[in-house]
Chemist: 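Below are the structure tokens for one structure; questions will follow.
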Amino acid sequence: MLSANQAKDVWNRAVEQTRRRSPASFEQWFSGVQLEAFDDGRLALTARDEFVRDWVKAHFLPDLLANLHQLLGVEGASELEVSWQISGELNRPICNTVTRSSSTHPPPPSERRTRPPDGGPSARVERRSERPRLLSSARAQLIASLNPKYTFANFVVGPSNELAHAASFASAGGGGPRYNPLFIAGGTGLGKTHLMHAIAHKVLDERPEARVVYVSAERFTNEFIEALQHHAMDEFRARYRTDCDLLLLDDIQFLAGREQTQEEFFHTFNALREADRPIVVTSDKYPHQLQRMPERLVSRFTSGLVADIQVPQLETRVAIVRKKAQLEGIPLSDEVAVLLAQSVRSNVRELEGALIRLAAKSSLTGRLIDVEFTKGEIAMVSSTRPDVMSVEDIQRAVCSHFRLSNAELLSKDRHKSVAFARQVAMYLCRQRLKCSFPELGRAFGNRDHTTVMSAVRRVEALRQRDPQVNAHLEAIEQKLAGSDD
Ligand code: ADP
Ligand code: MG
């Protein structure tokens with residue numbers, strides 16, 4: 001049996017230990033909870049309402065009980081019987097947030113139940129069906145930075161993105177093997193950021209207490225520089241290492257050549273990996289193509305799963321147009337959806353842009369979005385803006401034709417079939433993009449320009465005399481022209 005004083009001491013210590021893990025949110029929630037009784041067999045609590053009770057039960061109670069049991073020397077959570085009551089009047093709440101120094105501007109008492117100063121639990125009472133109330137400014141910042149439409153439900157899955165989609169879903173705890181890190185590579189406007197936001201939304205919906213950090217590599221760099229200038233590295237590291245359960249870093253290619261930020265990110269990466277916290281990175285290039293990126297980072301990026309997003313095929317593009325039209329409330333016939341999808345092939349963002357332009361013009365001119373109107377608009381846009389192709393587009397097309405991974409294409413592998421695919425890719429890049437030989441050498445795993453020159457010559461010659469080689473090239477060229485549709 002514990003004496004009353006011993007019980008009080010154990011209780012206070014357990015509360016203190018629980019509070020230490022996340023002080024700000026602890027204070028917010030425990031201002032709505034009161035202790036009625038605690039002795040060695042029983043813990044009786046009163047919560048301000050059911051929502052506070054459920055939240056505390058789900059997010060703090062396991063920790064609190066573990067601390068109590070440890071202090072009491074009892075194994076297993078079942079030893080303590082926990083009972084709850086609900087009462088709108090709490091005169092001895094465990095925490096009193098209103099008197100805390102951080103609450104410098106408490107709202108008037110009449111508003112306190114519905115609008116707590118910094119996102120406390122009570123606002124939730126009115127809005128049960130929505131996402132639980134934000135508990136910290138980091139979370140509020142995160143939600144503000146996410147596009148509410150970039151969810152898994154709004155992402156159209158097709159052969160071009162199914163691996164990236166499945167792996168992202170798994171990273172968000174949706175099931176399936178979870179790779180760490182997950183590296184999503186793909187050209188601009190193909191849905192990388194959409195997937196990142198979808199992961200964040202899903203995790204926040206299902207585990208509101210999870211500390212998700214979504215940041216572009218550019219912002220990471222700026223924050224890092226600012227932290228250095230203001231001697232605030234401890235805060236910076238806490239944000240990205242200790243206080244981060246899931247890191248989503250968008251557009252890693254931005255770190256090219258930024259050595260000090262790369263170094264910092266390297267340590268961030270290692271800290272998170274060691275703690276088995278998921279890291280998802282996106283990039284417009286495959287890891288091996290990232291220029292001015294140290295090898296140790298590149299090799300870390302490839303140590304989990306590299307999932308690429310290719311240009312979607314016609315069927316997927318049509319489905320995307322339909323989905324966007326539905327989300328934006330734009331009436332669209334199937335014929336128009338197909339027309340649009342046929343006209344913009346290489347970039348979903350532009351496809352979406354074309355749809356929005358069409359809808360805007362239709363509402364301004366009062367014309368219906370029919371086939372004729374759409375054709376006219378498409379003709380106007382396509383005459384002014386040719387599709388721009390990149391080395392990566394060609395490498396992707398070659399990899400998909402020869403069923404190779406990009407890593408193989410850029411590797412030192414001299415195996416005949418891999419070497420042939422590589423030479424074909426070099427040839428096509430030279431033909432279509434007019435890149436210089438040294439430039440191509442760099443884009444193909446830092447090879448010498450003479451290697452590229454002889455590859456291009458070899459394929460040129462083979463194309464003339466070997467119909468099979470010519471057939472390969474034509475198939476890839478068709479793919480690049482989008483005529484696989
Ligand atoms: P990235 O980050 O790869 O440059 P984004 O994620 O910003 O591209 O996507 C560009 C636009 O295309 C966004 O509006 C996004 O919603 C849309 N998009 C891309 N792929 C898909 C998809 N598979 N389904 C639905 N929308 C998509
Ligand atoms: Mg993006």
Side-chain angles (χ1 to χ4, degrees), residues 146-165 168-169 186-198 201 284 308-390 392-394 396-397 400-401 432 474-485:
L146 296 178
N147 185 326
K149 290 184 181 161
Y150 288 1
T151 58
F152 281 117
N154 290 345
F155 191 82
V156 175
V157 184
S160 58
N161 58 28
E162 60 188 343
L163 177 62
H165 170 267
S168 300
F169 199 70
T188 18
L190 295 184
K192 301 183 297 295
T193 298
H194 187 137
L195 281 178
M196 286 285 226
H197 288 203
H201 283 304
D284 68 353
D308 65 355
I309 306 189
Q310 307 273 351
V311 172
Q313 288 156 335
L314 182 67
E315 294 78 1
T316 311
R317 299 204 298 275
V318 172
I320 292 175
V321 173
R322 287 212 187 104
K323 181 69 134 192
K324 297 286 169 188
Q326 177 208 334
L327 285 174
E328 302 294 329
I330 303 171
L332 210 66
S333 70
D334 285 354
E335 256 182 310
V336 169
V338 172
L339 257 179
L340 271 177
Q342 277 171 334
S343 75
V344 187
R345 297 158 188 271
S346 58
N347 183 322
V348 179
R349 188 180 292 122
E350 287 184 12
L351 184 58
E352 206 177 305
L355 171 70
I356 302 294
R357 248 192 330 273
L358 209 61
K361 201 136 182 200
S362 140
S363 79
L364 285 173
T365 59
R367 278 197 62 178
L368 219 66
I369 309 182
D370 56 14
V371 170
E372 194 196 341
F373 178 61
T374 308
K375 276 187 175 160
E377 286 305 303
I378 290 169
M380 259 168 56
V381 176
S382 54
S383 61
T384 54
R385 193 199 44 75
D387 259 3
V388 186
M389 195 181 292
S390 66
E392 287 83 41
D393 293 331
I394 294 180
R396 271 191 208 105
S400 120
H401 177 78
R432 303 182 69 113
E474 276 180 3
I476 300 165
E477 279 166 345
Q478 265 187 7
K479 205 175 225 132
L480 285 169
S483 31
D484 52 332
D485 299 334

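All heavy atoms count here, side chains included; hydrogens, waters and symmetry mates do not.
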Chemist: Under 30°, 30 to 60°, or over 60°: which ring-plane class applies to Tyr150 and His197, parallel, tilted or perpendicular?
Modeler: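 Geometry flag for His197 against Tyr150: tilted rings.
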
Chemist: Pro312 and Ser160: which non-hydrogen atoms are nearest, and at how many Å?
Modeler: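 Answer, listing the atom of Pro312 first, then Ser160: CA-OG, 3.3 Å.
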
Chemist: From Leu355 CG over to Ile320 CD1, what is the distance, rounded to the nearest 0.5 angstrom?
Modeler: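 Nearest 0.5 Å value for the CG-CD1 distance: 11.5 Å.
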
Chemist: Would the distance check show the side chain of Lys192 and the main-chain N or O of Asp284 forming a donor-acceptor pair, the cut-off being under 3.5 Å?
Modeler: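 Checked: no pair found.
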
Chemist: If I take atom CD1 from residue Ile394 and atom NZ from residue Lys479, how far apart are they, to the nearest 0.5 angstrom?
Modeler: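 Answer rounded to 0.5 Å: 13.5 Å.
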
Chemist: Taking everything shown except Lys361 itself, do over 12 heavy atoms lie less than 6.0 Å from its NZ?
Modeler: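 No, not enclosed.
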
Chemist: So, taking the atom named CG in Leu195 and the one named OG1 in Thr151, what distance separates them when rounded to the nearest 0.5 Å?
Modeler: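 Between Leu195 CG and Thr151 OG1, I get 10.5 Å after rounding to 0.5 Å.
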
Chemist: Please confirm whether the ring centroid of Phe152 lies under 6.0 Å from the ring centroid of His201.
Modeler: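 Ring centroids of Phe152 and His201 are no less than 6.0 Å from each other.
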
Chemist: Restricting to non-hydrogen atoms, name the atom on Leu340 and the atom on Leu351 that form the minimum distance, rounded to 0.1 Å.
Modeler: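 Of all heavy-atom pairs spanning Leu340 and Leu351, the closest is O-CD1, 3.5 Å.
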
Chemist: Charged N to carboxylate O under 4.0 angstrom, Glu377 versus Arg357?
Modeler: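 Answer for the salt bridge query: no.
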
Chemist: Identify the heavy atoms of Thr188 and Asn347 that sit nearest to each other, and give their distance.
Modeler: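 Looking at all heavy atoms of both residues, the shortest contact is O-ND2, 3.4 Å.
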
Chemist: First locate atom OG1 of Thr193, then atom CZ of Arg349, and finally report the distance between them rounded to the nearest 0.5 Å.
Modeler: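 Atom-to-atom, Thr193:OG1 and Arg349:CZ are 7.0 Å apart.
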
Chemist: Of the non-hydrogen atoms in Val336 and Asp370, which two are nearest, and what is the gap between them?
Modeler: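 Closest approach of Val336 to Asp370: CG2-C, 3.7 Å.
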
Chemist: What is the minimum heavy-atom distance between Gly158 and Thr316, and which atoms define it?
Modeler: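 So the minimum-distance heavy-atom pair works out to CA-OG1, 3.8 Å.
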
Chemist: Identify the heavy atoms of Ile309 and Arg396 that sit nearest to each other, and give their distance.
Modeler: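 Ile309 and Arg396 have their closest heavy atoms at O-NE, 4.1 Å.
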
Chemist: Is the side chain of Ser362 donor-acceptor paired with the backbone N or O of Arg367 at a distance under 3.5 Å, no angle test?
Modeler: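 Yes, because the side chain of Ser362 sits within donor-acceptor range (under 3.5 Å) of the backbone of Arg367.
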
Chemist: Could you point out which residue of Arg317, Lys149, Lys324 forms a salt bridge (Lys or Arg N to Asp or Glu O under 4.0 Å) with Glu352?
Modeler: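 That would be Lys324.
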
